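A short worksheet on the structure shown next.
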Number of protein chains: 2
Amino acid sequence: MTKILIVDDEPDILEFLQYNLEKEGFEVSVANDGEEGLIKAHSSVPDLIVLDIMMPRMDGFEVCKELRKDPKFDQTIITFLTAKDEDYSQIAALDLGGDDFITKPVSPRVFTSRIKALLRRKKSSDSNIPDQIIQIADLVIDREKVLVKRGEERIELAKKEFELFCLLVGKPGKVFTREEIFRKVWGTDVIVGNRTIDVHIRKLREKVGSDYIKTIKGIGYKFEF
Amino acid sequence: MTKILIVDDEPDILEFLQYNLEKEGFEVSVANDGEEGLIKAHSSVPDLIVLDIMMPRMDGFEVCKELRKDPKFDQTIITFLTAKDEDYSQIAALDLGGDDFITKPVSPRVFTSRIKALLRRKKSSDSNIPDQIIQIADLVIDREKVLVKRGEERIELAKKEFELFCLLVGKPGKVFTREEIFRKVWGTDVIVGNRTIDVHIRKLREKVGSDYIKTIKGIGYKFEF
DNA sequence: TTAAATATTTAACACTGAGTTAATAAATTT
DNA sequence: AAATTTATTAACTCAGTGTTAAATATTTAA
């Protein structure tokens, strides 16, 4: 069950959000101020925390900063909530370790969609990194040791090369689009030149053998053996 | 390539948003008012439309309402854009078939993040119809792997061929008109040479066997087994 | 800290074949 | 048979990819 904690000092909003999230099947807990929020966060370790920014005593930014100190919350998504007319820097919020920034008022539909989108994003980025040793064809890929072997030969891959390779090998046969590769290997916000992926693919082929990585023209690349 | 249409009557904002989205690699077109927006939307069928609300003659709400009448735009994301001090109901906007509501002024980073988030959301909800493997007759069609097999024989299809085949196979027996095929496979109703589909059908028949794809003269094509 | 080494991105250009077009033949309908 | 629609074929174009080298960025060593 996905656990969500909402921290807001306005009881009406709290109830509104709680109602809508529970309707979607989430396990929701609530807190009326930052300190209570911190305590409840520590006791339940939610999957996602919705933090109002403007709160008495301890505002959302402080709560976020506090939470991000504890590795326990590394996997926890934090999204800020702010009134439309409060003029906070969204960038600052995201730099503090927030994952999103929702403006009030917000419709139930938009709110729950956003929450779900965030959870989806997390889930998919989680499962991209199966932290185990993959054996496939004559290859051994050890994610933890950042090591690739073909037979007894050790293949040295650079970080990006390795991540790209892991992505492809993770789902043999599946065709990954360039967009998908950018998002999963480079992370969404990085813009890189048109030929970057090609170059990395080329280096990979050079190192691990060009038979494994296949181009599907107009679509993307896949690992195949 | 992801196509985005921006409709706003303020040239400065138009330019600002266009610049930032193009920098991120999107294919951006712009319109200065609602009517022009509708026309451009119809000709290019964008993946996402950014609609300013306050515009002369035809406001964003009207444009949205108009667009939502046409099933051609079922897959198109619409996000509204409004100045912070204009006091529109976000809920009304969303009920009209909008997907998000962005408040000006907005930083480039936040703006592009939002756009990307929306596109991501669409994509993942698209694939809610899980990329399953279709088995029909002696054929296996694996969308994820972009792969068709007949018995043990692997059949290599080009992108358009594959998409065309998926469309037909998706509803066995249904007759697809040329117009329908253009819209769903080519993504526009821009008229491309009128023998193009025939050629693709021919190549498909050549590769997967000519018994499966049947011509209904004067109407279109269907998959049958 | 700077310098050297390595990794990554950008840019420029070459290459390939998917997709389109056009021209002609065949099939179907009227 | 004439008209209309579809099939076939081949030639052409250009978007998408491969390749290389040079420019940045990052990491490591001194």
Side-chain angles (χ1 to χ4, degrees), chain A residues 146-148 155-168 175-187 189-222, chain B residues 1-3 22-27 44 146 148 155-168 175-224:
Chain A
V146 191
L147 191 75
V148 176
I155 302 171
E156 305 262 332
L157 295 184
K159 196 166 83 182
K160 280 278 189 303
E161 287 164 14
F162 187 78
E163 282 173 12
L164 174 54
F165 194 49
C166 283
L167 179 69
L168 297 178
V175 178
F176 291 86
T177 65
R178 280 150 187 281
E179 210 187 310
E180 223 172 337
I181 293 172
F182 269 126
R183 196 166 72 233
K184 297 199 172 157
V185 176
W186 273 260
D189 290 327
V190 184
I191 325 116
V192 293
N194 273 347
R195 301 264 65 76
T196 299
I197 286 185
D198 307 54
V199 174
H200 283 269
I201 290 285
R202 187 188 157 274
K203 292 199 171 154
L204 260 182
R205 283 172 170 158
E206 203 173 73
K207 291 182 181 174
V208 305
S210 59
D211 347 303
Y212 293 125
I213 298 164
K214 207 178 160 192
T215 303
I216 312 299
K217 241 190 146 168
I219 308 181
Y221 298 93
K222 69 173 167 180
Chain B
M1 173 79 85
T2 305
K3 287 182 285 186
E22 279 179 349
K23 212 175 56 180
E24 298 289 326
F26 296 111
E27 186 182 325
S44 72
V146 192
V148 176
I155 302 171
E156 305 258 333
L157 296 183
K159 189 181 159 188
K160 280 275 187 311
E161 288 163 14
F162 188 78
E163 284 173 7
L164 175 54
F165 194 49
C166 282
L167 178 69
L168 297 178
V175 178
F176 291 86
T177 65
R178 279 148 190 283
E179 204 191 316
E180 225 172 337
I181 292 173
F182 266 125
R183 200 187 310 143
K184 300 211 168 142
V185 175
W186 273 258
T188 60
D189 47 9
V190 173
I191 309 127
V192 55
N194 59 353
R195 296 268 65 76
T196 299
I197 287 184
D198 307 51
V199 174
H200 283 271
I201 290 285
R202 190 194 153 273
K203 286 186 181 163
L204 259 182
R205 283 172 169 157
E206 199 176 77
K207 290 182 182 176
V208 305
S210 60
D211 349 304
Y212 294 125
I213 298 163
K214 209 176 160 189
T215 303
I216 312 299
K217 237 190 147 161
I219 309 181
Y221 299 92
K222 69 171 168 180
F223 175 89
E224 214 173 41

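None of the values given here were measured: they were computed from a predicted structure. Every chain is numbered from 1, with letters handed out A, B, ... down the list of sequences.
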Determine, stepwise, if the pair B/Tyr212 / B/Phe223 fulfils ring-ring contact (aromatic ring centres under 6.0 Å, His included). CA-CA 6 Å; B/Tyr212 294 125; B/Phe223 175 89; 5.6 Å; yes

Euclidean distance, atom [atom1] of residue [X] to atom [atom2] of [N] [Å, nearest integer]:
X	N	atom1	atom2	value
B/Glu161	C/dT20	CD	P	11 Å
A/Ile181	D/dG16	CD1	P	15 Å
B/Lys203	D/dT6	NZ	P	19 Å
A/Leu164	C/dT8	CG	C1'	13 Å
A/Leu204	D/dT19	CG	P	13 Å
B/Arg195	D/dT4	CZ	C1'	11 Å
A/Lys207	C/dA7	NZ	P	6 Å
B/Ile201	C/dT20	CD1	C1'	15 Å

I want to check one thing: is the phosphate of [N], taken as OP1 and OP2, less than 4.0 Å away from some side-chain N or O of [X]?
X	N	value
B/Trp186	C/dT20	yes
A/His200	C/dA7	no
B/Arg202	D/dT9	yes
A/Thr196	C/dT8	no
A/Arg178	D/dT17	yes
B/Thr215	D/dA7	yes
B/Arg205	D/dA7	yes
A/Tyr221	D/dG18	yes

Hey, is the main chain of B/Glu27 close enough, under 3.5 Å, to the side chain of B/Lys3 for a donor-acceptor pair? no

Just by distance, do the side chain of B/Glu180 and the backbone of B/Thr177 share a donor-acceptor pair under 3.5 Å? yes

Does A/Arg202 form a salt bridge (Lys or Arg N to Asp or Glu O under 4.0 Å) with A/Glu206? I'd like the steps, not just the answer. CA-CA 6 Å; A/Arg202 187 188 157 274; A/Glu206 203 173 73; 3.1 Å; yes

Taking C/dT20, C/dT9, D/dT17 as options, the one with an atom nearest any side-chain atom of A/Asp198 is D/dT17

Please tell me whether A/Thr196 and A/Arg178 have a donor and an acceptor in their side chains that are separated by less than 3.5 angstrom. no

At less than 3.5 Å, do the side-chain atoms of A/Lys217 and the base atoms of D/dA15 form a donor-acceptor pair? no

